[in-house]
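Structure, as structure tokens:
Sequence positions, counted from 1, serve as the residue numbers for this chain. Atoms considered below: every heavy atom in the structure, side chains included; atoms not considered: hydrogens, waters and symmetry mates. Worth saying up front: this structure is predicted, and the values here are computed from it rather than measured. Whatever order the structure lists them in is the order used to number ligands and atoms, beginning at 1.
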Amino acid sequence: MAGLEKGLEELIAKWESEYTARTKKSRELFNKALKVFPGGVTYSIRFYSPYPAFIARAKGTRVWDVDGNEYIDLWMGHGAHLMGHSPSFIVGAVKEALEIGTHLGYEHPYALEYVEFLAKILPGVEMLRFTNSGTEANMYAVRLARAYTKRKYIVKMEGGWHGGLDILHVGVTYPYTQPESAGLIEEAYKYTLLVPFNDVEALERALKAHDVAAVILEPVMGAAGCVEPEKGYLREVRRVVDEHGSLLIFDEVITGFRLAPGGAQEYYGVKADIVVYGKAIGGGLGGVGAFGARSDVMELIDHVKYPRTDIRVFHGGTFSANPVVVKAGYLLVKHLAENPGIYSASNNLWSDFRRRVEKICSEHSVECWPSGDGSLSGVHFTRRKPRNAREVFELRWSRLVERALHVYSRLKGILYIGEKVPHFMPSLIHEKDEVDYLLSVFSEFVEIISGLSK
Ligand SMILES: Cc1ncc(COP(=O)(O)O)c(C=O)c1O
């Protein structure tokens, strides 16, 4: 194993120096950025070694960096761009929408038109409120669940990512025992319990032991490496949550509109009580999220029905339901809902990708496994296929192979975020020749590492 790690270290050093040679302008910008952005980046996960390529432009499935290198983008604005970067039908409409007003701060017809449409296509969502991010939407969803059930405890999954809010910023980083941030006080998350994904018994134990307001999960875990639910798992979660009188929150910030127009609820045929959206719900524009539920849950926000602040749930936000964002979101979601062929093509393409990853690994006798569902796909260099976020890390046989794959992919014109956990959130319009190319690069990489001495 020592020989393998040494071989990988040498490859990374060689590939990073090739990367440095072709990204000189990015390096200059990064050196400047180090003085004004902590860590030189606008969001820590956007860093990769030795410095990130600075992107000058994006269109469709591609991005171009400031040095003119072109990449197939498998990150797609954190997974927000389901129809690729800047689809013409949205850019045109956004230009028109700007004439309405960049921001109104009053009620307007555009948000109403959109939410009426969403209520038709999102299972169980009778009412909804827009927020400014997925993080914020999760914050309100948890508050709503606590108010509805009059209970305190929240159960989340180890490795689950719901944004940086104090209550849910717990157990995100392996081994899930350390505080996730300085400045987080234990009192803020002492009612948050952790269980592994794909483990109904552990969930049942937590539900039995505590008065749980809500169980929150990503139906396909995203940042943990696109780990999919095992057959029947979500249905079992629904059953045990009901048995214990808790609410089920699906964080569909990634899966919403991606797996199907009605998201994971539609795709897996399991309904949650509260559903959280983000990313694509704003049509690729920034500052958006939403949470929705049946009327009897959402009505707790109704200030007329519940004038007393200790009974109603607060929700608000200066930029919530921004007219430009909701116009873009409506166009995107309507386009997807009216073109179901987009889903079948994309979901087939990426399930074929996962089958072929498995074949490549077994042909080269390298222990690596695909994960994911629909277009969401991860690759794990583990002793067996991981069932949850803990296994993604515990079953690894190398500490460097993921980083080596990242820099190798960059040199070959493929870009994603996930130097530590390779996972892809492509658009639904990536094409077969791009997936074929990705597989050919992956196959070359696997062949190189299979030649390293163990
Ligand atoms: C599943 C999930 N929930 C919540 C969030 C937080 O959303 P935002 O970054 O918009 O606050 C993210 C962001 O990546 C996410 O992937």
Side-chain angles (χ1 to χ4, degrees), residues 41-47 74-82 129-143 145 154-173 180-181 192 197 214-229 234 248-259 263-265 267-268 272 274-292 315 317 319-322 325-326 328-329 371-378 388-389 392 416-418 420-421 423-426:
V41 284
T42 48
Y43 183 174
S44 298
I45 62 166
R46 293 181 182 153
F47 176 85
L74 296 173
W75 178 239
M76 284 284 136
H78 296 233
H81 298 308
L82 295 183
R129 280 279 179 96
F130 291 103
T131 63
N132 297 298
S133 66
T135 304
E136 213 185 276
N138 276 312
M139 176 180 84
Y140 288 119
V142 167
R143 184 182 290 185
I154 301 294
V155 178
K156 79 174 278 290
M157 303 294 132
E158 285 177 342
W161 176 242
H162 304 289
L165 68 160
D166 291 10
I167 339 157
L168 297 177
H169 200 176
V170 187
V172 176
T173 312
E180 290 293 335
S181 169
T192 306
F197 190 63
V215 174
I216 182 166
L217 57 81
E218 304 160 78
V220 175
M221 296 193 85
C226 293
V227 177
E228 75 279 14
L234 294 174
L248 178 59
I249 305 176
F250 274 0
D251 179 344
E252 293 231 42
V253 168
I254 291 177
T255 51
F257 313 104
R258 173 182 284 277
L259 293 178
Q265 292 196 98
Y267 189 80
Y268 294 114
I274 303 177
V275 194
V276 173
Y277 299 95
K279 302 193 193 277
I281 200 169
L285 268 69
V288 73
F291 60 105
H315 157 260
F319 289 104
S320 56
N322 172 277
V325 174
V326 299
S371 66
D373 208 345
S375 54
L376 294 166
S377 300
N388 55 47
V392 163
Y416 59 92
I417 294 285
K420 295 190 183 117
V421 185
H423 64 289
F424 312 132
M425 300 198 285

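Interatomic distance, CD1 of I154 versus CG of L168, reported as 7.0 Å (0.5 Å rounding). Rounding to the nearest 0.5 Å gives a distance of 6.5 Å between NE2 of H162 and CG of N138.
Considering only non-hydrogen protein atoms, atom 2 (C) of ligand 1 sits nearest to W161 O, 3.2 Å. The protein atom (non-hydrogen) at minimum distance from atom 8 (P) of ligand 1 is G134 N, 3.5 Å. Residue, atom and distance of the protein heavy atom nearest to atom 16 (O) of ligand 1 are I254 CD1, 3.3 Å. At the shortest separation from atom 9 (O) of ligand 1 among protein heavy atoms lies T135 OG1, 4.3 Å.
Looking only at atom types and distance, the side chain of R129 has no donor-acceptor partner in the side chain of S320 under 3.5 Å away. Remark: the T173 side chain and the E180 side chain contain an N/O donor-acceptor pair separated by less than 3.5 Å.
Counting atoms of ligand 1 from 1 in the listed order, those under 4.0 Å from a heavy atom of D251 are 1 (C), 2 (C), 3 (N), 4 (C). Remark: ligand 1 atoms within the under-4.0 Å shell around heavy atoms of N138 are 3 (N), 4 (C). The E218 neighbourhood of ligand 1 comprises atoms 1 (C), with distances under 4.0 Å to a heavy atom of that residue. Each of the atoms 10 (O), 11 (O) of ligand 1 lies under 4.0 Å from some heavy atom of S133.
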Intermediate values then yes/no, side chain to side chain contact (heavy atoms under 4.5 Å, CB included), W161 and H169:
CA-CA 8 Å; W161 176 242; H169 200 176; 3.6 Å; yes
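Relative ring orientation between H423 and W75 is described as perpendicular, the plane-to-plane angle rising above 60° on a 0-90° scale split at 30° and 60°. Taking the six-membered ring where tryptophan is involved, the planes of Y277 and F257 are tilted, since the angle between them lies from 30° to 60°.
Contacts of K279 with ligand 1, taken as heavy-atom pairs under 4.0 Å, involve the side chain alone.
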